[in-house]
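FYI, the numbering just counts along the sequence from 1.
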Amino acid sequence: MHKTLIAAALGALTVGASTLALAQSTEDLIKYRQSGYTFMSWNMGKIKAQVVDGKVPYDQAQVVAAANAIAAIANSGMGALYPKGSDMGTGWKETRLKPEFFEEPEKVREIAVNFVQQANKLQEVAAAGDQGAIKAQFGEVGKACKACHDNYRAEE
């Protein structure tokens, strides 16, 4: 039931956001999605430095803020930033989206739903403050990111 609700919500967000996306150029949409992923990466780096690597002293407020940012972007309806044909073009840099992304919509949806679930779980675990649980869930979010990269992101 929960998985179905998430899939329905993602679908509704994508349809609603798709209308807005139509008014944007493909170049702009590529820029927006690249910016979103860059911001998520920056926030993942903050959690990694504090909880995984220990390079920076643990600050629960910072980790919670980073997890909240990751979950917010994951839940923002970024699917609307992937119109057909956006596997070619330049945003801030040349897109690395593979054309297979558009040929396997069910697999893409499955990966996207899992990513949203893992990001939401990271937000929940970060709020609880157990560094071991945060580290473990951070790994799950990383796996969810990697699933998309492995299938639909070309190497640089």
Side-chain angles (χ1 to χ4, degrees), residues 2-11 13-14 17 21 26 29-56 58 60 62-156:
H2 186 43
K3 194 173 193 178
T4 303
L5 185 60
I6 289 173
L10 282 172
L13 285 171
T14 300
T26 299
L29 297 176
I30 294 169
K31 282 181 182 178
Y32 300 150
R33 72 182 186 223
Q34 288 173 345
S35 296
Y37 292 122
T38 298
F39 189 62
M40 276 196 286
S41 176
W42 179 62
N43 281 284
M44 290 286 286
K46 289 192 282 184
I47 296 171
K48 184 176 187 287
Q50 292 183 41
V51 180
V52 177
D53 298 338
K55 292 181 179 179
V56 176
Y58 176 71
Q60 185 179 2
Q62 287 180 1
V63 170
V64 168
N68 288 344
I70 294 163
I73 295 168
N75 285 281
S76 70
M78 285 188 65
L81 302 177
Y82 290 88
K84 287 195 184 229
S86 67
D87 56 319
M88 296 178 284
T90 302
W92 300 112
K93 59 184 180 180
E94 190 73 27
T95 185
R96 294 191 289 157
L97 183 64
K98 293 179 180 179
E100 291 84 0
F101 180 89
F102 301 107
E103 298 165 6
E104 302 172 345
E106 289 305 315
K107 186 173 180 180
V108 169
R109 186 177 342 279
E110 181 181 310
I111 290 170
V113 167
N114 183 54
F115 173 69
V116 170
Q117 289 174 335
Q118 298 307 324
N120 290 343
K121 180 72 173 176
L122 178 63
Q123 182 180 36
E124 177 185 314
V125 171
D130 178 334
Q131 291 183 51
I134 296 167
K135 182 177 181 178
Q137 187 56 35
F138 177 86
E140 293 304 312
V141 173
K143 288 177 192 174
C145 292
K146 189 175 180 333
C148 192
H149 291 190
D150 286 351
N151 289 284
Y152 304 113
R153 186 180 190 198
E155 296 292 323
E156 286 191 278

> What I want to find out is whether Lys107 reaches Glu110 closely enough, with some N-O distance under 4.0 Å, to be called a salt bridge.
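Between Glu110 and Lys107 there is no salt bridge, as every charged N stays at least 4.0 Å from the carboxylate O atoms.
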> For the pair Arg33 and Thr95, evaluate side-chain contact (heavy atoms from CB on, under 4.5 Å) and give the outcome as yes or no after the intermediate values.
CA-CA 10 Å; Arg33 72 182 186 223; Thr95 185; 3.0 Å; yes
> Would you name the heavy atoms of Met40 and Ile70 that are closest together and state the gap between them?
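Residues Met40 and Ile70, closest heavy atoms: SD-O, 3.9 Å.
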> Please round to the nearest 0.5 Å and tell me the distance separating atom NZ of Lys55 and atom CD of Gln50.
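One finds 13.0 Å between NZ of Lys55 and CD of Gln50.
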> If every non-hydrogen atom of Ser86 is compared with every non-hydrogen atom of Ile30, which pair is closest and at what distance?
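Of all heavy-atom pairs spanning Ser86 and Ile30, the closest is O-CD1, 3.9 Å.
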> State whether the side chain of Gln137 and the backbone N or O of Lys121 hold a donor-acceptor pair below 3.5 Å, judged by distance alone.
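A pair under 3.5 Å: no.
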> When rounded to the nearest 0.5 angstrom, what is the spacing between NE2 in His149 and NZ in Lys146?
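Answer for the NE2-NZ pair, His149 versus Lys146, is 10.0 Å.
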> Measure the CG-CZ distance between Asp87 and Phe102 for me, rounded to the nearest 0.5 Å.
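Reported value, rounded in 0.5 Å steps: 5.0 Å.
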> So do Leu97 and Tyr82 actually touch side chain to side chain, heavy atoms under 4.5 Å?
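Touching, per the 4.5 Å side-chain cut-off.
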> For the backbone of Tyr37 and the side chain of Ser41, can you confirm whether one donor and one acceptor N or O come within less than 3.5 Å of each other?
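No, Ser41 side chain to Tyr37 backbone: no donor-acceptor pair under 3.5 Å.
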> If I compare all heavy atoms of Gly36 with all of Ile73, which pair ends up nearest, and what's the gap?
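So the two residues come closest at O-CD1, 3.8 Å.
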> Start with the C-alpha gap between Ile47 and Val52, add the side-chain angles, then the distance that decides, and say whether side-chain contact (heavy atoms from CB on, under 4.5 Å) holds.
CA-CA 7 Å; Ile47 296 171; Val52 177; 5.5 Å; no
> Please report the shortest heavy-atom distance between Leu29 and Ala80, naming the atom on each side.
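Of all heavy-atom pairs spanning Leu29 and Ala80, the closest is CD1-O, 4.4 Å.
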> Quick one: pull up NZ in Lys48 and NZ in Lys135 and give me the separation to the nearest 0.5 Å.
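Those atoms lie 10.0 Å apart.
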> Under the criterion side-chain contact (heavy atoms from CB on, under 4.5 Å), I'd like the reasoning laid out for Lys93 against Gln34: C-alpha separation, chi angles, the key distance, then a yes or no.
CA-CA 9 Å; Lys93 59 184 180 180; Gln34 288 173 345; 3.9 Å; yes
> Which heavy atom of Leu122 sits nearest a heavy atom of Phe138, and at what distance?
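Leu122 and Phe138 have their closest heavy atoms at CD1-N, 4.0 Å.
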> Go through Ile111 and Tyr152 one step at a time and tell me if the side-chain contact (heavy atoms from CB on, under 4.5 Å) criterion holds.
CA-CA 11 Å; Ile111 290 170; Tyr152 304 113; 3.8 Å; yes
> Looking only at heavy atoms, what is the nearest atom pair of Ala119 and Ala71, with distance?
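Taking every non-hydrogen atom into account, O-CB, 3.9 Å.
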> To the nearest 0.5 Å, what is the distance between CG on Leu81 and OG on Ser35?
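If we round to the nearest 0.5 Å, Leu81:CG and Ser35:OG are 9.5 Å apart.
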> Whether the side chain of Gln123 engages the backbone of Val64 through a donor-acceptor N/O pair (distance < 3.5 Å, no angle test) should be reported.
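Judged by distance alone, no pair lies under 3.5 Å.
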> Answer yes or no: does atom NZ of Lys98 have more than 12 heavy-atom neighbours from other residues, nucleotides or ligands under 6.0 Å?
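Yes.
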